[in-house]
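Report on the following structure.
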Amino acid sequence: MLSNKLALMKLLLSFLLLCSFEAHCTMTEVNVAPKTCAVLEEGKPCHIQLKVNYTLDNLEQTCIWLAHKTSPEQCFNRLDVAHFLELTLTKDTLVLIKNIDEKILEQVTIQIATYQPVNQRKRRGLNWNLL
């Protein structure tokens with residue numbers, strides 16, 4: 001009976017140690033707004049103020065990256081992050097949130113859309129006047 005309790009305690013301790021080594025940063029909520037930027041003509045640059053909010057379960061240093069850049073836009077060492085980025089984009093861009101080991105925690109694509117006005121309905125020219 002005593003050996004069973006010792007074996008169970010060893011098993012529980014080894015499980016706890018394994019879990020402590022496997023702990024990693026997880027995100028509970030990520031909000032990136034807006035996700036689309038509109039331009040009047042294709043190929044023109046789009047100026048956008050991007051708001052990035054996220055909350056971490058565990059305290060860990062995280063950074064906001066743009067996929068085409070070699071350095072992070074901004075890094076944080078806190079649980080709750082709310083940050084504004086001023087961007088000028090000409091093509092769809094991937095925004096990444098990475099930890100210090102450069103593991104991607106979340107990614108969002110900011111799309112560039114070309115504005116296309118609605119076609120106006122042609123008038124028939126019947127000139128009806130009810131009054």
Side-chain angles (χ1 to χ4, degrees):
M1 183 83 126
L2 184 60
S3 64
N4 287 344
K5 288 183 181 178
L6 284 174
L8 183 60
M9 286 179 61
K10 286 181 183 179
L11 183 64
L12 285 173
L13 283 174
S14 61
F15 178 72
L16 288 173
L17 284 172
L18 180 66
C19 288
S20 66
F21 288 122
E22 291 294 319
H24 61 281
C25 184
T26 57
M27 304 176 81
T28 56
E29 184 179 338
V30 177
N31 291 319
V32 176
K35 291 185 173 133
T36 305
C37 187
V39 292
L40 294 176
E41 295 178 26
E42 193 170 334
K44 295 281 185 177
C46 179
H47 306 287
I48 187 172
Q49 183 179 36
L50 193 67
K51 183 177 182 182
V52 180
N53 293 328
Y54 59 90
T55 303
L56 302 173
D57 290 337
N58 303 318
L59 183 61
E60 184 174 358
Q61 184 176 11
T62 55
C63 297
I64 300 173
W65 291 73
L66 297 179
H68 62 277
K69 294 204 175 176
T70 57
S71 61
E73 292 294 314
Q74 185 73 39
C75 292
F76 305 94
N77 197 17
R78 53 189 140 144
L79 290 174
D80 294 320
V81 174
H83 186 68
F84 288 95
L85 291 171
E86 294 285 338
L87 300 175
T88 301
L89 307 173
T90 56
K91 60 182 180 178
D92 292 354
T93 302
L94 193 62
V95 177
L96 306 166
I97 300 172
K98 296 181 183 180
N99 66 5
I100 195 71
D101 301 325
E102 293 199 14
K103 177 185 171 197
I104 297 173
L105 304 175
E106 188 69 37
Q107 62 185 23
V108 176
T109 301
I110 308 301
Q111 296 180 335
I112 303 297
T114 305
Y115 174 72
Q116 297 174 346
V118 177
N119 290 334
Q120 296 291 327
R121 192 175 102 185
K122 292 184 179 180
R123 295 181 152 245
R124 295 183 183 184
L126 298 176
N127 292 331
W128 283 45
N129 191 352
L130 297 177
L131 298 176

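All heavy atoms count here, side chains included; hydrogens, waters and symmetry mates do not. It should be emphasised that the depicted structure is a prediction, and the values quoted were computed from it without experimental measurement.
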Can L59 be reached from L56 by stepping across I, L, V, M, F, W or Y side chains whose heavy atoms are under 4.5 Å apart?
->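 Same hydrophobic cluster.
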Answer with yes or no whether the hydrophobic clustering places V32 together with L66; edges join I, L, V, M, F, W, Y residues whose side-chain heavy atoms lie under 4.5 Å apart.
->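 Shared cluster, yes.
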Kindly compute the distance separating CD (Q111) from SG (C37), expressed to the nearest 0.5 Å.
->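 Rounded to the nearest 0.5 Å, the CD-SG separation comes to 11.5 Å.
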Salt bridge (Lys or Arg N to Asp or Glu O under 4.0 Å) partners of K69, counting only residues at least two apart =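 Salt bridge (Lys or Arg N to Asp or Glu O under 4.0 Å) list for K69, sorted by chain: E73.
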Residue pair Y54 / T62, side-chain heavy-atom distance below 4.5 Å |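 In short, these two side chains touch, coming nearer than 4.5 Å.
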Scan for side chain to side chain donor-acceptor pair (under 3.5 Å) pairs involving residues 34-43, sequence neighbours excluded, and state none if there are none.
->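 Applying side chain to side chain donor-acceptor pair (under 3.5 Å) to every pair that reaches into residues 34-43, excluding sequence neighbours, yields nothing.
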Could you pull out the closest heavy-atom pair between L50 and P34, with the gap in Å?
->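 Answer, listing the atom of L50 first, then P34: CD1-O, 3.2 Å.
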If you look at every heavy atom in C63 and P72, which pair is closest and at what distance?
->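 Looking at all heavy atoms of both residues, the shortest contact is CB-CB, 3.8 Å.
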Please tabulate, one pair per line, all N/O donor-acceptor pairs under 3.5 Å involving side-chain atoms of residues 76-98, not counting sequence neighbours.
unit_1	atom_1	unit_2	atom_2	d
D80	OD1	T55	OG1	3.2
E86	OE2	Q49	NE2	3.3
T88	OG1	H47	ND1	3.0
D92	OD1	I112	N	2.8
T93	OG1	K91	O	3.0

Donor-acceptor contact below 3.5 Å, side chain D101 vs main chain K103 =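 Such a contact is absent between D101 side chain and K103 backbone.
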